[in-house]
Amino acid sequence: MDVIVINGGKVLNGSVAASGAKNAALPLLFAALLAEGEHRFDNVPLLKDIETTELLLNHLNCETQRAGNRLKVTVNEPEELVAPYDIVRKMRASILCLGPLLARYGKAKVSLPGGCAIGSRPINLHIEPLRQLGAHIEIENGYVIAVAKKLVGNHIVFDFATVGGTENIMMAATLCRGTTVLENVAREPEIVDLARCLRSMGAQIEGAGTHVITIEGVDELKPARHSVIPDRIEAGTLLLAGAITGGDVKVTHCVPADLDALINKLADCGFAIETGQDWVRVKPCDRWRSVDVGTAPHPGFPTDLQAQFMALMTQANGTSVITERIFENRFMHVQELVRMGADITPKPQVAVVCGNQGGLSGAPVMATDLRASACLILAGLVAEGETVVSRIYHLDRGYENLEVKLASLGARIERRSV
Ligand code: EPU
């Protein structure tokens with residue numbers, strides 16, 4: 001088992017590049033199922049979740065071949081249209097194969113993902129819209145069993161702007177008969193990237209990035225050639241790492257506009273931020289103000305940066321109220337921060353963080369999910385003494401070499417096998 005060991009107290013300085021976005025790459029790889037032939041994706045991060053996606057694609061008779069950050073996916077007709085429990089339980093995003101398989105082959109059997117550490121995470125907003133496109137769907141023995149002779153376009157209004165639900169239905173609608181109008185959809189940059197890729201495959205999609213997406217179904221699509229957008233959550237995590245140590249960190253290969261919500265909050269705290277075409281720099285600050293943060297769908301403050309921002313607020317001057325509105329149980333990092341000496345009162349969906357209460361002290365802590373792992377590492381960067389973060393398989397699902405990137409900025413951090 002690997003752990004991350006951090007000796008806190010070093011100020012981070014320098015420049016570091018963001019990798020490709022996990023949450024963009026996952027739907028893109030499943031979109032490949034919409035067209036037979038050789039697809040080529042660039043800027044694909046080397047992550048456990050990408051490996052799990054490859055495993056599922058291999059199970060569906062696709063060949064995958066990696067060279068650095070380029071991933072070739074050769075899609076062949078699957079022998080069986082099944083996403084088995086053993087793979088889906090490792091990664092909830094596996095449900096994203098449902099829309100493409102159903103649209104292309106008229107049937108699919110996909111294991112139900114089940115809940116996870118951050119919430120119950122149902123898939124009703126994937127299933128109901130597929131029914132509205134004409135699919136017959138039943139849940140049997142833990143599997144979603146879907147059939148449709150031919151999906152037919154419809155006008156669908158989502159109850160909530162779900163990211164995965166929007167992606168699944170967008171992909172399915174590309175091969176529908178007629179026009180599909182999706183209202184109240186997610187507007188995340190990853191949705192826009194998926195639409196861009198689907199368009200390059202021959203799909204007719206308008207409106208990605210707004211509340212309404214319109215898709216004109218086509219008979220077939222061609223293989224993708226696509227470069228994945230930069231990871232805004234990783235970029236934000238690296239900026240917060242610089243900020244929490246009072247350092248001077250420039251994150252390159254990122255899209256500053258995708259980081260607006262974080263940049264605005266950092267500016268409210270008193271940090272000076274500079275941006276260029278594809279970089280963001282946080283400048284040194286030795287005393288920052290606390291600010292309140294509430295997570296919300298894009299362009300609001302991302303839930304995937306809530307835990308890391310909370311680490312920053314433990315060191316702020318004053319009290320901060322952090323509200324989690326996307327997931328019902330995304331405060332698992334609070335108790336670990338408290339074990340490091342933070343003063344945080346968690347209530348349902350709200351955490352009250354009293355900053356600067358005598359600093360943090362290093363401790364053995366346990367990561368409970370991907371972003372909680374990053375939060376504990378950031379806390380470790382400023383804690384006195386040694387912090388050992390265990391269960392870092394969560395970290396490896398979604399951060400490409402985070403400890404190597406932080407070490408390149410001067411952090412005393414290493415991975416150890418124990
Ligand atoms: N929801 C439902 N029913 C559904 C789908 C979602 O009730 O059918 C609820 C969820 O339970 C949750 C909320 O709606 O409370 C938002 O879920 P959403 O569908 O938007 O999230 P997701 O597609 O499951 C993606 C990211 C998450 C990120 C969220 C929100 C991927 C692979 N995952 O999840 O990323 O937190 O959007 O932005 O894109 C992470 O990277 O750490 C991560 C958890």
Side-chain angles (χ1 to χ4, degrees), residues 19-31 45 47-50 52-53 56 88 90-99 110 112-132 137 139 144 156 158-171 182 184-194 228-229 231-237 258 261-262 294-308 324-333 349 367-375 393-400 402:
S19 298
K22 165 181 87 81
N23 289 347
L26 299 178
L28 291 167
L29 294 175
F30 288 116
L47 301 170
K48 198 76 199 152
D49 272 6
I50 300 290
T52 306
T53 306
L56 181 49
V88 177
K90 291 189 185 135
M91 188 187 70
R92 294 183 43 84
S94 305
I95 192 68
L96 294 175
C97 71
L98 180 62
V110 180
L112 278 168
C116 75
I118 60 176
S120 60
R121 304 184 77 181
I123 55 160
N124 56 312
L125 302 176
H126 300 235
I127 301 292
E128 280 313 315
L130 286 174
R131 286 195 173 122
Q132 287 176 264
I137 301 185
I139 310 292
V144 180
I156 294 167
F158 283 91
D159 286 347
F160 177 81
T162 154
V163 174
T166 303
E167 291 164 347
N168 229 341
I169 309 312
M170 256 170 85
M171 291 191 279
L182 305 177
N184 194 27
V185 290
R187 291 183 287 158
E188 270 66 6
E190 293 74 21
I191 303 279
V192 178
D193 199 37
L194 175 61
V228 178
I229 54 167
D231 196 319
R232 63 196 169 99
I233 304 301
E234 187 211 16
T237 303
D258 292 349
L262 174 66
T295 63
H298 192 77
F301 193 91
T303 173
D304 292 344
L305 283 174
Q306 176 257 109
Q308 302 90 312
E324 173 55 53
R325 298 198 186 93
I326 307 295
F327 293 107
E328 68 267 24
N329 192 27
R330 210 173 198 184
F331 281 145
M332 302 276 278
H333 43 282
Q349 295 205 298
T368 47
D369 73 77
L370 170 58
R371 307 305 171 187
S373 324
C375 154
Y393 47 83
H394 292 296
L395 185 77
D396 295 334
R397 292 186 53 180
Y399 283 96
E400 192 177 51
L402 185 62

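When a ligand or atom number is given, it counts from 1 through the structure's own listing order. Since this is a predicted model, take the numbers as computed values, not measurements.
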Point to revise | Short side-chain to backbone donor-acceptor contact, N168 and I95, under 3.5 Å | key: yes

Check your understanding: If you count the atoms of ligand 1 from 1 in the order shown, which ones are under 4.0 Å from a heavy atom of G164?
Key -> 19 (O), 23 (O)

**Study point:** Polar side-chain atom of N329 near backbone of A117 as donor-acceptor pair, under 3.5 Å
**Key:** yes

Practice item. Just need the protein heavy atom nearest to atom 29 (C) of ligand 1, so name the residue and atom and give the distance. Key: F327 CZ, 4.0 Å

Review point. Is there a protein heavy atom at a distance of less than 4.0 Å from atom 5 (C) of ligand 1?
Key: yes

**Study point:** Contact check: A93 vs ligand 1, nitrogen or oxygen atoms, below 3.5 angstrom
**Key:** no

Exercise for review: Considering heavy atoms of the protein only, find what lies nearest to atom 20 (O) of ligand 1 and give residue, atom and distance to 0.1 Å.
Suggested key: V163 N, 2.8 Å

Practice item. Starting from atom 30 (C) of ligand 1, locate the nearest protein heavy atom and write down its residue, its atom name and how far away it is, to 0.1 Å. Key: T303 CG2, 3.8 Å

Revision key, fill the gap. I123 heavy atoms within 4.0 Å reach ligand 1 at atoms 4 (C), 8 (O)

Check your understanding: Under 4.0 angstrom from ligand 1, any heavy atom of E167?
Key -> no

Study note, to complete from the structure: Nearest non-hydrogen protein atom to atom 34 (O) of ligand 1, with distance, is R121 NH2, 3.4 Å

Review point. Is a donor on one side and an acceptor on the other found under 3.5 Å between the side chain of T166 and the backbone of A186?
Key: yes

Practice item. Consider every N or O of R330 and every N or O of ligand 1, then say whether any pair is closer than 3.5 Å. Key: yes

Check your understanding: Which one holds for K22 and ligand 1: side chain close, backbone close, both close, or neither close, with close meaning a heavy atom under 4.0 Å?
Key -> side chain

Practice item. Search all heavy atoms of Y399 against all heavy atoms of T237 and return the closest pair with its distance. Key: OH-OG1, 2.8 Å

Exercise for review: Taking R325 for its side chain and T295 for its backbone only, find out whether a donor-acceptor pair lies under 3.5 Å.
Suggested key: yes

Check your understanding: With no hydrogens and no angle check, is any side-chain donor or acceptor of E328 less than 3.5 Å from a backbone partner on S120?
Key -> yes

Review point. Counting only N and O atoms by type, is there a donor-acceptor contact under 3.5 Å from the side chain of D231 to the main-chain atoms of K22?
Key: yes

Study note, to complete from the structure: atom 7 (O) of ligand 1 has as its nearest protein heavy atom P122 CG, 3.3 Å

Check your understanding: Do you know the tightest heavy-atom contact between H333 and T368?
Key -> N-OG1, 4.4 Å

Point to revise | R131 side chain to I137 backbone, donor-acceptor under 3.5 Å | key: yes

Exercise for review: Considering the heavy atoms of F160, write down every atom of ligand 1 situated less than 4.0 Å from one of them.
Suggested key: 13 (C), 14 (O), 16 (C)

Point to revise | Nearest protein heavy atom with distance in Å, relative to atom 3 (N) of ligand 1 | key: N124 OD1, 2.7 Å

Exercise for review: Could you see which bit of L125 sits under 4.0 Å from ligand 1, with heavy atoms only: side chain, backbone, both or neither?
Suggested key: both

Practice item. Give the contacting part of D304 toward ligand 1: side chain, backbone, both or neither, where contact means a heavy-atom distance below 4.0 Å. Key: side chain

Study note, to complete from the structure: Heavy-atom nearest pair, R371 first then A307, reads O-CB, 3.7 Å

Point to revise | Polar contact flag for L26 and ligand 1 (N/O pairs, less than 3.5 Å) | key: no

Check your understanding: Is it true that a side-chain atom of Q308 and a backbone atom of D304 form a donor plus acceptor pair closer than 3.5 Å?
Key -> yes

Check your understanding: At what distance is the nearest protein heavy atom to atom 15 (O) of ligand 1, and which residue and atom is it?
Key -> I326 O, 2.5 Å

Practice item. Can you sort out which atoms of ligand 1 are near H126, meaning under 4.0 Å from one of its heavy atoms? Key: 8 (O)

Check your understanding: Relative to the heavy atoms of L370, which atoms of ligand 1 are at a distance of less than 4.0 Å?
Key -> 41 (O), 42 (O)

**Study point:** Nearest-contact summary for atom 26 (C) of ligand 1 - protein heavy atom, Å
**Key:** N23 ND2, 3.6 Å

Exercise for review: State whether the number of non-hydrogen atoms from other residues, nucleotides or ligands found under 6.0 Å of N124 atom CG is greater than 12.
Suggested key: yes

Review point. Does any N or O atom in R371 lie less than 3.5 angstrom from one in ligand 1, N or O only?
Key: yes

Review point. Where the side chain of Q306 meets the backbone of R330, is there a donor-acceptor pair that is under 3.5 Å apart?
Key: yes

